[in-house]
Amino acid sequence: MKELLKGGLPTEANRTLNFNVGDTVKVHYKIQESGKERVQVYEGVVISISNGGNGKSFTVRRISYDVGVERVFPLYSPRIAKIELVRKGKVRRSKLFFLRERSGKSARIRELKGGKILVAEDRKRQTAEEAKAAAPAAE
């Protein structure tokens, strides 16, 4: 059983961890409502990543109507359409739980120097992967 888990999931090949703790991400999550499926975008700061092999998950925090909302996403879930990197954050901790007690300017995270370049490279990589995936489907 352990050998099967180490082998990985089929979605593992096309989903890489392109973000870290402190980064702002947009998670495109598939939701089913009354028989229809749509994609909902959840944007926020990654405050933790729990490494558990195939059970790897990450927590995203956002402020919605002056209330902090946290959501845990499994990284290899088939419900996640894509994870888009918005900005790279400069942090010195692996878990940012102290952001729960903070609000306003004290809850901000500095942007990493050269972070915009990294975000642009990630966007290029994602568009290339999407075009590559769409090319065999068109044939």
Task: NZ-CD distance between Lys124 and Glu129, expressed to the nearest 0.5 angstrom - done: 14.5 Å
Task: Derivation of the side-chain contact (heavy atoms from CB on, under 4.5 Å) call for Leu75 and Ile83 - done: CA-CA 9 Å; Leu75 183 63; Ile83 302 169; 3.8 Å; yes
Open item on the list: Please report the interatomic distance CD(Glu37) to CZ(Arg79), rounded to the nearest 0.5 Å.
Closed with: 6.5 Å
TODO: For Lys90, look at atom NZ and say whether over 12 heavy atoms of other residues, nucleotides or ligands are found less than 6.0 Å away.
DONE: no
Open item on the list: I want to check something: taking the side chain as every heavy atom from C-beta on, are Phe58 and Val27 in contact at a cut-off of under 4.5 Å?
Closed with: yes
Task: Least distance between heavy atoms, Ser64 atom then Val69 atom - done: CB-CG2, 4.1 Å
Task: Hphob cluster co-occupancy, Leu112 + Ile117, side-chain heavy atoms under 4.5 angstrom - done: no
Task: For the student: nearest non-hydrogen atoms of Arg61 and Gly68, plus distance - done: NH2-CA, 3.8 Å
Task: Step-by-step side-chain contact (heavy atoms from CB on, under 4.5 Å) determination, Arg100 to Ile47 - done: CA-CA 10 Å; Arg100 292 173 177 164; Ile47 62 168; 4.3 Å; yes
Open item on the list: For a 4.5 angstrom cut-off between non-hydrogen side-chain atoms, does Val39 reach Lys82?
Closed with: no
TODO: Looking only at non-hydrogen atoms, find the nearest pair between Pro74 and Ser57 and report the distance.
DONE: CA-CB, 4.0 Å
- [ ] Check Pro78 against Lys30 and note the closest heavy-atom contact, atom names and distance.
- [x] O-NZ, 3.7 Å
Task: NZ/NE/NH1/NH2 to OD/OE distance under 4.0 Å, Glu121 and Arg125 - done: no
- [ ] Considering non-hydrogen atoms only, spot the tightest contact between Arg62 and Gly44 and give its length.
- [x] CB-CA, 4.1 Å
Task: Inter-residue atom distance Leu85.CG - Asp122.CG, 0.5 Å rounding - done: 5.0 Å
Open item on the list: Counting neighbours of CD1 on Ile63 that are heavy atoms of other residues, nucleotides or ligands and sit closer than 6.0 Å, is the number greater than 12?
Closed with: yes
Open item on the list: Here's a test for you: under side chain to side chain contact (heavy atoms under 4.5 Å, CB included), which of Val45, Val46, Val86 qualifies with Val25?
Closed with: Val46
Open item on the list: Is there a path of hydrophobic side-chain contacts, each under 4.5 Å between heavy atoms of I/L/V/M/F/W/Y residues, joining Val72 to Leu99?
Closed with: no
Task: Steps toward side-chain contact (heavy atoms from CB on, under 4.5 Å) verdict (Arg123, Glu84) - done: CA-CA 8 Å; Arg123 282 197 182 130; Glu84 187 179 333; 4.0 Å; yes
- [ ] Taking all non-hydrogen atoms of both residues into account, name the closest pair between Asp23 and Asn20 and its distance.
- [x] OD2-N, 2.8 Å
Open item on the list: Could you tell me if the side chain of Ile109 sits less than 4.5 Å from the side chain of Thr24, heavy atoms only?
Closed with: no
- [ ] Drop me the distance from Ile31's CD1 to Tyr42's OH, to the nearest 0.5 angstrom.
- [x] 11.0 Å
Task: Arg110 atom CZ, neighbour heavy-atom count above 12 within 6.0 Å - done: no
TODO: Would you check if Ile49 and Phe19 make a side-chain contact, meaning some heavy-atom pair closer than 4.5 Å?
DONE: yes
TODO: Flag the pair Val21 / Arg93 as yes when at least one side-chain heavy-atom distance between them is below 4.5 Å, and no otherwise.
DONE: no
